[in-house]
Amino acid sequence: MSTFSGVIVPMVTPFRRDEGQTINYEAGEQLVERIIAGGASGIFTFGSNGEFHVCTPDEKIEFSKFVIEKVAGRVPVYVGTGSCSTREAVEMSKRAEDAGASAVSVINPYFMKVSDAEIEGYYEAVAESVKIPVLMYNIPKSTGTNLSPEVVARVAEIDNVKGVKDSSGNMENLAAYIEAARGKDVDVLVGSDGKISAAHALGASGAIAGTANLITNVVVSLWRALEEGDSEAAASYQADVEPIRDVLHMGSTPQTLKRALELAGVPVGPARRPVAETTPEVDEKVRAMLDHYGIAHE
């Protein structure tokens, strides 16, 4: 049985427009309820869309604990705990486990170049520090390093490493991960929303889909159609992911996604600085996208 499956939503972290751009817990609860009502299989805090890279360790743990409490066991909650530092990744993973996380998602070290052996040692240290499942997170456009299938295969031998999320957008890479995980109790998830159908065809067990913050029902319906073998419906739903993706490409992650949610009545605020507010011209395109989905907005 899969540890990670279905549509998992890497929820955005809501910020206020105060001087410190503090976390808006009330908006967080509203977004949690929206995601669960849309039929998501899980929630993931402090991934790329959750702006982990501009949040403090305490912010990440405290808000994740809040989300876990509000979810109250209705779906699993995964917490992003990866870091450039093995020490910090271990500490954060322990704190996430103590907060009640169902699993931890661990991005590989970034900024500096590390060897495959060093990456493996990093994941081994994190996995040994907790009892809950560990999900490897590959996003080479942001880390500068693509986790090789050989590294994934070796790390997958660790007992509580139960999955890998591939946001490379490269289907050959994802297929190689699926081959590396074969025979092991390890799930492969796709993190590229435009390629969910292609990933499912290769054997992916689920999708971690940023677009599902806003169009949860579309992405959930896509996955359901794929699982039911309804290729015509799946093709239609996959195509219907494109209008929001077109808008998301107009700004830095998750600038336009948060603006879309805000205009739709979920006050998640802006992305944290240095990312700026969206322009009136982009707002106009966001509103047109919301109209396409029939989502009421300001």
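It should be emphasised that the depicted structure is a prediction, and the values quoted were computed from it without experimental measurement.
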Heavy-atom count around [X] [atom1] within 6.0 Å, excluding the residue itself: above 12?
{"X": "Asp159", "atom1": "CG", "answer": "no"}
{"X": "Glu33", "atom1": "CD", "answer": "yes"}
{"X": "Tyr237", "atom1": "OH", "answer": "no"}

As an exercise, state the distance from [atom1] of [X] to [atom2] of [Y], rounded to the nearest 0.5 Å.
{"X": "Tyr78", "Y": "Ser105", "atom1": "OH", "atom2": "OG", "answer": "10.5 Å"}
{"X": "Asp246", "Y": "Ile244", "atom1": "CG", "atom2": "CD1", "answer": "10.0 Å"}
{"X": "Leu189", "Y": "Tyr137", "atom1": "CG", "atom2": "OH", "answer": "11.5 Å"}
{"X": "Asp187", "Y": "Phe4", "atom1": "CG", "atom2": "CZ", "answer": "7.0 Å"}
{"X": "Ile107", "Y": "Phe46", "atom1": "CD1", "atom2": "CZ", "answer": "14.5 Å"}
{"X": "Leu135", "Y": "Ile8", "atom1": "CG", "atom2": "CD1", "answer": "7.5 Å"}

Without swapping roles, check the side chain of [X] against the backbone of [Y] for a donor-acceptor pair under 3.5 Å.
{"X": "Ser83", "Y": "Ser85", "value": "yes"}
{"X": "Asp240", "Y": "Val218", "value": "no"}
{"X": "Asn213", "Y": "Gly210", "value": "yes"}
{"X": "Glu120", "Y": "Val155", "value": "no"}
{"X": "Gln238", "Y": "Asp193", "value": "yes"}
{"X": "Glu59", "Y": "Thr56", "value": "yes"}
{"X": "Gln30", "Y": "Gly265", "value": "yes"}
{"X": "Glu97", "Y": "Ile132", "value": "yes"}
{"X": "Arg272", "Y": "Val54", "value": "yes"}
{"X": "Asn108", "Y": "Leu147", "value": "no"}

*Taking it one step at a time, do Ser93 and Ser129 satisfy side chain to side chain donor-acceptor pair (under 3.5 Å)?*
CA-CA 7 Å; Ser93 297; Ser129 73; 5.1 Å; no
[X] vs [Y] side-chain heavy atoms within contact, under 4.5 Å:
{"X": "Val241", "Y": "Ile196", "value": "no"}
{"X": "Lys131", "Y": "Asn160", "value": "no"}
{"X": "Arg259", "Y": "Val282", "value": "no"}
{"X": "Arg182", "Y": "Glu179", "value": "yes"}
{"X": "Leu174", "Y": "Asn170", "value": "no"}
{"X": "Cys55", "Y": "Phe15", "value": "yes"}
{"X": "Leu202", "Y": "Val190", "value": "no"}
{"X": "Met136", "Y": "Val106", "value": "no"}

Compare every heavy atom of [Y] with every heavy atom of [X], then report the nearest pair and how far apart it is.
{"X": "Ser102", "Y": "Pro133", "answer": "O-CD, 3.3 Å"}
{"X": "Phe44", "Y": "Gly80", "answer": "CE1-N, 3.6 Å"}
{"X": "Ser41", "Y": "Val75", "answer": "O-CB, 3.8 Å"}
{"X": "Gly144", "Y": "Lys113", "answer": "O-NZ, 4.2 Å"}
{"X": "Gly28", "Y": "Met11", "answer": "O-CE, 4.0 Å"}
{"X": "Lys258", "Y": "Thr13", "answer": "NZ-O, 2.6 Å"}

Would you say [X] and [Y] are hydrophobically clustered, going by side-chain heavy atoms of ILVMFWY under 4.5 Å?
{"X": "Met92", "Y": "Val126", "answer": "no"}
{"X": "Ile208", "Y": "Leu31", "answer": "no"}
{"X": "Tyr122", "Y": "Val134", "answer": "yes"}
{"X": "Leu222", "Y": "Val220", "answer": "yes"}
{"X": "Val268", "Y": "Val275", "answer": "no"}

Ion pair [X]/[Y], N-O distance below 4.0 Å:
{"X": "Glu29", "Y": "Arg34", "result": "no"}
{"X": "Glu51", "Y": "Lys60", "result": "no"}
{"X": "Lys184", "Y": "Glu157", "result": "yes"}
{"X": "Glu91", "Y": "Lys94", "result": "no"}
{"X": "Arg154", "Y": "Glu124", "result": "no"}
{"X": "Arg17", "Y": "Glu262", "result": "yes"}
{"X": "Arg95", "Y": "Glu88", "result": "no"}
{"X": "Asp185", "Y": "Lys162", "result": "yes"}
{"X": "Arg224", "Y": "Glu227", "result": "no"}

*I would like to know whether Ile36 and Thr216 meet side-chain contact (heavy atoms from CB on, under 4.5 Å); could you show each step before the answer?*
CA-CA 9 Å; Ile36 291 177; Thr216 320; over 6 Å; no
*Check the pair Tyr177, Asn138 against side chain to side chain donor-acceptor pair (under 3.5 Å), reporting the backbone distance first and the verdict last.*
CA-CA 11 Å; Tyr177 284 0; Asn138 183 57; 3.1 Å; yes
*Under 3.5 Å, is there a donor-acceptor pair linking the side chains of Glu118 and Ser115?*
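Side-chain D/A pair, Glu118 to Ser115: present.
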_Let's go through Arg16 and Glu26 carefully: what are the C-alpha distance in whole Å and the side-chain angles of both, what is the deciding distance for salt bridge (Lys or Arg N to Asp or Glu O under 4.0 Å) to 0.1 Å, and is it a yes or a no?_
CA-CA 10 Å; Arg16 296 186 177 88; Glu26 294 78 12; 3.0 Å; yes
*For the pair Asp166 and Ser168, evaluate side chain to side chain donor-acceptor pair (under 3.5 Å) and give the outcome as yes or no after the intermediate values.*
CA-CA 6 Å; Asp166 184 25; Ser168 69; 3.0 Å; yes
_Among Val286, Leu257, Thr253, the one residue meeting side-chain contact (heavy atoms from CB on, under 4.5 Å) with Leu248_ = Leu257
_Step-by-step salt bridge (Lys or Arg N to Asp or Glu O under 4.0 Å) determination, Glu242 to Arg245_ = CA-CA 5 Å; Glu242 289 308 303; Arg245 292 184 73 245; 3.0 Å; yes
*Decide side chain to side chain donor-acceptor pair (under 3.5 Å) for Asp18 and Thr22; before the verdict, give the C-alpha distance in whole Å, the side-chain angles of both, and the deciding distance to 0.1 Å.*
CA-CA 7 Å; Asp18 53 18; Thr22 55; 2.4 Å; yes
